[in-house]
Amino acid sequence: MSLADLTLERWRSFELPAARQLAAEVAEFAGGRVSAVETVEHLGLPLHRVRIEREGQEFALVPGGTVMLGFDPDTWQPAPGQAADYAESRKEGHGAGPDLRTHLARVLSARRRVTPGAVLMAVEGENLGVAPDEIPAVLAVRGLRMPSADEWEHACGAGADTLFRWGNECPLDRIPYEDETGPHEELSALGLRIAHDTYSVELSSDVTAVHGGDGGGSVCGGYGSLLMWLSLATANRNPSMAEVAYGPDGVYLYDDFTTRPVLAL
């Protein structure tokens, strides 16, 4: 098996010694060193997290394989208070549709089956200080590339089919920007600090999407608690922010954008 063929399903079957051995192989391939191997619970089963330090930057191992991504609002039941909170936001002119399910259908990626390869992905988003169309060339010099939108979403959710990487609910009595103890502050299942800051704008190779936040638009605009939390939803493509990022104004806003460098295995 090549490293690129490592699937999430197979990775879940590894005992810890085997996981440590594979982590060492990945580190050797990447020209880095293993900085951590730990086991957490995810979706009711053990899941190993591997972190590799390469040239001073921390990367997480993201196994691939055939997985389901996206979100289907029609098969989802809102938690108590979510629909009501959205209705209040609509009264103020916010949201992308007349009701919550319509809004989700317009801003979240559709449910689909994809087969990404295993990669190393940066634990933190990185601001490269260049315009979006210059990012691929800057990363290529370091032997890296941008993630695809599918890779980003898979790394964030790690097989979870819930609205957020931590589940379907969010604390509506507070907003993520002011909440230092909420579920968004925990590392993801695979050990990434991802979808944690509404002010983030993470770019992938898909110019129709941005990820992990809306640049603070929902906070500054007073959109309402749920809409602020939804900017962190795993499948949220934030299409309106993507239009800004890749539009004429994007070249002036690049200091606000990050990407999450990827090393193909």
Side-chain angles (χ1 to χ4, degrees), residues 1-69 113-126 136 139-162 164-167 183-196 202 204-205 211-212 234 258-265:
M1 178 194 73
S2 70
L3 296 176
D5 292 332
L6 176 67
T7 67
L8 181 61
E9 181 179 10
R10 183 170 184 184
W11 180 240
R12 283 187 174 280
S13 73
F14 280 30
E15 298 293 336
L16 187 56
R20 292 186 186 278
Q21 175 60 40
L22 189 134
E25 294 176 15
V26 171
E28 181 179 6
F29 174 88
R33 68 174 186 88
V34 178
S35 58
V37 179
E38 59 185 355
T39 304
V40 298
E41 183 178 315
H42 178 56
L43 304 179
L45 296 170
L47 179 65
H48 306 301
R49 289 176 176 169
V50 170
R51 293 173 75 155
I52 306 292
E53 182 183 343
R54 178 185 185 267
E55 299 179 1
Q57 187 171 29
E58 289 278 317
F59 290 81
L61 175 63
V62 181
T66 300
V67 294
M68 293 296 297
L69 299 181
R113 187 182 304 274
V114 302
T115 308
V119 299
L120 287 178
M121 185 176 291
V123 170
E124 300 268 3
E126 181 179 358
L139 289 177
V141 172
R142 294 157 51 189
L144 304 170
R145 61 170 174 80
M146 298 175 77
S148 70
D150 286 347
E151 287 173 331
W152 192 99
E153 195 174 316
H154 170 56
C156 183
D161 61 1
T162 49
F164 304 99
R165 58 181 171 83
W166 59 82
H184 60 308
E185 291 293 343
E186 299 290 332
L187 294 178
S188 73
L190 291 170
L192 295 99
R193 185 157 171 73
I194 193 169
H196 66 97
E202 287 200 31
S204 66
S205 60
H211 313 271
T234 303
T258 63
T259 194
R260 200 168 286 268
V262 163
L263 178 68
L265 297 177

Against [X], only a single residue in [options] fulfils side-chain contact (heavy atoms from CB on, under 4.5 Å); can you say which?
X	options	value
Val119	Val62, Leu6, Leu263	Val62
Leu61	Val37, Leu190, Leu265	Leu265
Leu144	Glu55, Glu126, Gln57	Gln57

Within the side chain of [X], is there an N or O that forms a donor-acceptor pair under 3.5 Å with the backbone of [Y]?
X	Y	result
His154	Val67	no
Arg260	Ala122	yes
Ser205	Met146	no
Arg145	Pro261	no
Arg193	Gly125	no
Trp11	His48	yes

Look up atom [atom1] in [X] and atom [atom2] in [Y], then write down how far apart they are to the nearest 0.5 Å.
X	Y	atom1	atom2	value
Arg54	Leu120	CZ	CG	8.5 Å
Arg12	Leu8	CZ	CG	5.5 Å
Glu15	Thr39	CD	OG1	9.5 Å
Thr162	Leu43	OG1	CG	7.5 Å
Asp161	Thr234	CG	OG1	10.0 Å
Leu192	Phe59	CG	CZ	11.0 Å

Would you indicate whether [X], at its atom [atom1], is surrounded by more than 12 heavy atoms from other residues, nucleotides or ligands within a distance under 6.0 Å?
X	atom1	result
Glu38	CD	yes
Glu185	CD	yes
Glu9	CD	no
Arg10	CZ	no

Indicate the atoms forming the closest heavy-atom contact of [X] with [Y], along with that distance.
X	Y	value
Met121	Ala155	SD-CB, 3.6 Å
Val34	Ala23	CG2-O, 3.5 Å
Val40	Ala189	CG2-O, 3.8 Å
Gly65	Thr7	CA-CG2, 3.7 Å
Ser188	Cys156	CB-O, 4.0 Å
Ala264	Phe29	O-CE2, 3.5 Å

Can you check side chain to side chain contact (heavy atoms under 4.5 Å, CB included) on Val26 and Val50, steps first, answer last? CA-CA 10 Å; Val26 171; Val50 170; 5.9 Å; no
Salt bridge (charged side-chain N to carboxylate O under 4.0 Å, His left out), paired with Glu58, selected from Arg51, Arg49, Arg33: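 Exactly one pass, corresponding to Arg51.
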Would you say Glu202 and Trp152 are linked by a side-chain donor-acceptor pair, where the criterion is simply a distance under 3.5 Å?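 Yes, a side-chain donor-acceptor pair sits under 3.5 Å.
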Give a yes-or-no answer on whether the side chains of Thr115 and Thr66 include a donor-acceptor pair shorter than 3.5 Å.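 Yes - a donor-acceptor pair under 3.5 Å links their side chains.
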